[in-house]
Amino acid sequence: MAFRGKGSPAAPLAVARIIHRKFMSDIRVRFAPSPTGYLHVGGARTALFNWLFARRLGGTYILRIEDTDKLRNNEEMVRGILEGLAWLGLDYDEGPFFQSDYYEQHRTAAFQLLDNGWAYRDFTPKEERSDANIKQAVAEANRQAVKVKNPYRDLSRAESDARAAAGEAFVIRFKVPEEGKTSFDDAVYGPQERDYKDIEDLVLLRSDGHPLYNLSVVCDDIAMGITHVIRGQDHLSNTHKQVLLYQALGKPVPVFAHLPLILAPDKSKLSKRKHGEIVSVTTYRDAGFLPDAFLNSLALLGWSPEEVREGEVDREVFSRPELIERFSLGGIHKSNAVFNFDLREAQDWQSQKEQLLDPRWVARNFYKFPRSWTDQKAQWMNAEYIKTMPLAELLPYVKTKLQSVDLWRAEFEGAESEWFQRAVNLIRDRYRTLNDFASLGRAYFVAGLDFEFEEEAVKKNLKKDAALKTLLPELADRFGALSEFTHDSTEAALRAFAEEKGVKAGLLINGTRTALTGQSAGPGLFDVVTIIGQTRAVERLRNVANLV
RNA sequence: GGGGCGUUAGGCAAGUGGUUUAAGCCGCCAGUCUUUCAAGCUGGAAAUCGCGGGUUCGAAUCCCGCACGCCCUACCA
């Protein structure tokens, strides 16, 4: 059976596949999220590892949406996931496929198992369970229940057929053998074994005819020729059931590699309901992370390079190709990792997300933006990329960001391109996110006086000494009179002026910084002055008279 | 209740019996640089390797027990 992406023409795909086949290995992996409306960092990491594995070995990486649960299935819910993957650049070779498109195949498989005796009809009436406290309810039920054999397990086929024909509702359950055990060798967790008696007769098909998860995954993975199943450790226990299904279906069992989970700081599983937007990857996109930087920090959660290379001590920063080159299942850890965001911050974040993710708000309120709101290492990684990546690669990101707050001008790529590059290069050293260019960097890119002043800075550098109210506008005149406006000429002018007035140069330097940028921190002042340029510098220094 | 998986500093982690008196990174602290803030550089604090037994000349590394956390145990995925 051929899987085909919705709406994608079959022919080019087939051609691509042929070319692909010729040069690549037969390894096929998939990322199979359920459409929950957003991609959280754990899911992103699973996608990343599948992708890295495929890219490393020349395999095929497939995206499949597990929308078997009709309640969760709608386009809106899928979009969040696609957006997250797109941002991270985790491009898939095939798909996206939708599990629900293959109901019929799953049903056929269930009836096939019924026919050859691997499954049976269970006529027990459906037990209603509320979704709310299902975990406890199930655990509680199992606590008290004495394991009793399903009365329909050994019902004769004739009687079973007759009751079904009479219209009686039933589910199809897998018939787990009484004696023996399943085993598989997990590429991460090692050899796994489980007695048949510890595996219950799982339901394959609901009474309304819908196939259930365990059946569906196995069918799809078989149909798609998946050779390596790389997924979260929460599926480790389920794997035994799936192995049983592969065997009953007479198909080869793929290699399983289970990944340690990424947990919240309180060690609980990441969830949208509990942790909100702070665990969604699109939040990191909107907050100004670079996809490569975020990917890099994600890769280090639950994996580390198996061997340190010649001449390398220990590295944390890896480009995408370097990650691909080094990735191996052997480097995956067994223990869960914590994505160390601040839980309290997460709540504030949640309540203010409209503001915090609105570039326009942030641009005007940069100093109200929380400094340390998420995993510190991820933040450091982002800052590291911003300050060390080739400038030419950073520029397009800055452009997009500036466009989003209407700070972009075509000249930045034309007449002023040289200036623009110098400016970005100057300020990037102390920025941690792309958003900083639009917020903290606003004063550099905007014309005239259209930028915000940080209260603290004004207090500290402009109001502290009353003399500044007249000194700075006077300095503006000196700057204005300069025929050559350079780092050295402006410094000489300022220092001479300070001496003349009998004040410390530092007073004027700090005052000027705030006058020009609204901030108390920034690059070396004379670099700032030259980047801001004569016209704006003079204008902004004169404006001090109105500020204090 | 049953079954499974895990447990090295605040977080990420190296390390699978012997120069480990336990790497490195983030964070934290201090010094240095400086006109500010970062960055950089230098240094520091922080781990009885979950706990208790055992094996061994020697254990974070092997064995047993316990505790804790997580997962599965649904006509959810």
(request) Between B:C62 and B:G18, how far apart are the C1' atoms? Round to whole Å, please. (result) 15 Å
(message) At 4.0 Å (heavy atoms only), tell me whether A:K267 reaches a base, stays on the sugar-phosphate, or touches nothing.
(response) sugar-phosphate
(request) Scan A:D198 against the nucleic acid and name what it touches under 4.0 Å (heavy atoms): base, sugar-phosphate only, or nothing. (result) sugar-phosphate
(message) In this structure, how many angstroms lie between the C1' atom of B:C5 and the CD1 atom of A:I262, rounded?
(response) 17 Å
(request) In whole angstrom, give me the gap between the C1' atoms of B:A47 and B:U20. (result) 13 Å
(request) Choose from B:C72, B:C26, B:U36 the nucleotide whose nearest atom is closest to any side-chain atom of A:W380. (result) B:C26
(message) Any side-chain N or O of A:Q192 below 4.0 angstrom from OP1/OP2 of B:C5?
(response) yes
(message) Could you tell me if A:Y213 and A:N238 have a donor-acceptor pair between their side chains, going purely by distance under 3.5 Å?
(response) no
(request) Indicate, with a heavy-atom threshold strictly under 4.0 Å, whether A:P523 touches base, sugar-phosphate, or nothing. (result) base
(message) Using atom P in both nucleotides, what's the gap between B:A13 and B:G6 to the nearest angstrom?
(response) 15 Å
(request) Could you tell me the separation between the NE2 atom of A:H40 and the C1' atom of B:A77, rounded to a whole number of Å? (result) 12 Å
(message) Over all strands shown, is A:L525 touching base, sugar-phosphate only, or nothing at heavy-atom distances under 4.0 angstrom?
(response) base
(message) If you take the centroid of each ring, where Trp contributes its six-membered ring, are A:F341 and A:H275 closer together than 6.0 Å?
(response) yes
(request) Send over the distance from A:L204 CG to B:C76 P, rounded to a whole Å. (result) 13 Å
(request) Hunt down the Watson-Crick or G-U wobble partner of B:G50, both distances under 3.5 Å, from any strand shown, or write none. (result) B:C66
(message) What contact category does A:T124 fall into here, base, sugar-phosphate, or nothing, at under 4.0 angstrom with non-hydrogen atoms?
(response) base
(request) For A:H40 and A:S280, test the side chains for any donor-to-acceptor distance below 3.5 angstrom and give the result as yes or no. (result) no
(message) Just N and O in the side chain of A:R315: are any of them under 4.0 Å from OP1 or OP2 of B:C25?
(response) no
(message) Under 4.0 Å, counting only non-hydrogen atoms across every strand here, what does A:K241 touch: a base, just sugar-phosphate, or nothing?
(response) sugar-phosphate
(message) A quick test of your reading: do over 12 heavy atoms of other residues, nucleotides or ligands sit less than 6.0 Å from CD of A:E500?
(response) yes
(message) Classify A:L507 by what it touches in the nucleic acid, base, sugar-phosphate, or nothing, heavy-atom distance under 4.0 Å.
(response) nothing
(request) Check every strand shown and say whether A:S335 touches a base, only sugar-phosphate, or nothing at a heavy-atom separation below 4.0 Å. (result) sugar-phosphate
(request) Determine which nucleotide pairs with B:U19, using a 3.5 Å limit on both distances of a Watson-Crick or G-U wobble pair. (result) none
(request) Please state whether the phosphate of B:C76, meaning OP1 or OP2, lies under 4.0 angstrom from any side-chain nitrogen or oxygen of A:R206. (result) yes
(request) Compute whether any side-chain donor of one residue and acceptor of the other, for A:D220 and A:Q99, lie under 3.5 angstrom apart. (result) yes
(message) Counting only side-chain heavy atoms from C-beta out, which of B:G6, B:C71, B:A77 sits nearest to A:Y189?
(response) B:G6
(request) Would you mind classifying the nucleic acid contact of A:G524 as base, sugar-phosphate or nothing, using non-hydrogen atoms under 4.0 angstrom? (result) base
(request) Decide if the gap between the ring center of A:Y385 and the ring center of A:F289 is smaller than 6.0 angstrom. (result) no
(message) Would the base of B:C25 count as contacting A:K377 through its side chain, where contact means a donor and an acceptor less than 3.5 Å apart?
(response) yes
(message) Whether the A:T124 and A:D122 side chains hold a donor-acceptor pair (N or O, under 3.5 Å, no angle test) is what I'd like checked.
(response) yes
(request) Check every atom of B:C71, B:C75, B:G11 against the side chain of A:D234 and return the nucleotide holding the closest atom. (result) B:C71
(message) Counting only Watson-Crick pairs (N1-N3 plus N6-O4 or O6-N4) and G-U wobbles (N1-O2, O6-N3), all under 3.5 Å, who is the partner of B:G24?
(response) B:C12
(message) Counting only Watson-Crick pairs (N1-N3 plus N6-O4 or O6-N4) and G-U wobbles (N1-O2, O6-N3), all under 3.5 Å, who is the partner of B:U55?
(response) none
(message) Between B:G43 and B:U56, how many Å separate the two C1' atoms, rounded to a whole number?
(response) 40 Å
(message) Students often mix this up, so state it plainly: with edges at 30° and 60°, are the rings of A:Y284 and A:F339 parallel, tilted or perpendicular?
(response) perpendicular
(message) Nearest heavy atom decides the nucleotide; on that basis, is A:E491 or A:V171 closer to the 5' end of RNA chain B?
(response) A:E491
(message) Measure NZ/A:K269 against C1'/B:C70 and give the value in whole Å, please.
(response) 9 Å
(request) Specify whether A:F256 and A:Y246 have parallel, tilted or perpendicular ring planes, treating 30° as the upper limit for parallel and 60° as the lower limit for perpendicular. (result) perpendicular
(message) What's A:A337 touching, base or sugar-phosphate or nothing? Going by heavy atoms closer than 4.0 Å.
(response) sugar-phosphate
Return the polar atom pairs (N/O with N/O) between nucleotides 28-32 of chain B and the protein under 3.5 Å, or none.
none

(request) Kindly say whether, by distance alone, the side chain of A:D67 makes a donor-acceptor pair under 3.5 Å with the base of B:A77? (result) no
(request) Once you apply the 3.5 Å cut-off to both distances, tell me the Watson-Crick or G-U wobble partner of B:G31, or none. (result) B:C41
(message) With rounding to the closest Å, how many angstrom separate the C1' atoms on B:C75 and B:C68?
(response) 34 Å
(request) Determine the interatomic distance between C1' on B:C12 and the same-named atom on B:A23; round to the nearest Å. (result) 14 Å
(request) Nearest whole angstrom, please: distance from the P of B:G6 to the CG of A:L261. (result) 13 Å
(request) May I ask you to say what A:Y213 touches in the nucleic acid, namely base, sugar-phosphate or nothing, with a heavy-atom cut-off under 4.0 Å? (result) base
(request) Can you tell me the distance, in whole Å, between the CD atom of A:Q376 and the C1' atom of B:C12? (result) 11 Å
(request) Ignoring hydrogens and angles, answer whether the base of B:C37 and the side-chain atoms of A:S520 contain a donor-acceptor pair closer than 3.5 Å. (result) no
(request) Would you confirm whether A:R495, through its side chain, and A:E491, through its main-chain N or O, come within 3.5 Å as a donor-acceptor pair? (result) no
(request) Using the C1' atoms only, state how far B:G50 lies from B:A9, rounded to an integer number of Å. (result) 14 Å
(request) Can you tell me the distance, in whole Å, between the CD atom of A:E384 and the P atom of B:C26? (result) 8 Å
(request) Calculate the interatomic distance between A:F184 atom CZ and B:G4 atom P; express it in whole Å. (result) 12 Å
(request) Ignoring backbone atoms, establish whether A:H333 has a side-chain N or O less than 4.0 Å from OP1 or OP2 of B:C12. (result) no
(message) Work out how far the P atom of B:C71 is from that of B:C63, and round it to whole angstrom.
(response) 26 Å
(message) Check this one for me: any side-chain N or O of A:S237 less than 4.0 Å away from OP1 or OP2 of B:U73?
(response) no
(message) From the set B:C75, B:G4, B:U36, return the single nucleotide nearest to any side-chain atom of A:L236.
(response) B:G4
(request) Can you establish whether the number of heavy atoms outside A:K463 located under 6.0 Å from its atom NZ is more than 12? (result) no
(request) Choose from B:U36, B:C12, B:G6 the nucleotide whose nearest atom is closest to any side-chain atom of A:K334. (result) B:G6
(request) Output yes when at least one side-chain N/O atom of A:H235 is less than 4.0 Å from OP1 or OP2 of B:C72, else no. (result) no
(request) Please work out if A:E316 contacts a base, only the sugar-phosphate, or nothing of the nucleic acid, heavy-atom cut-off 4.0 Å. (result) base
(request) For A:S160 and A:R121, test the side chains for any donor-to-acceptor distance below 3.5 angstrom and give the result as yes or no. (result) yes
(message) Judged by each residue's nearest nucleotide on RNA chain B, which is more toward the 5′ side, A:F123 or A:L300?
(response) A:L300
(request) Would you mind telling me which of B:U35, B:A39, B:C37 lies closest to the side-chain atoms of A:R513? (result) B:U35
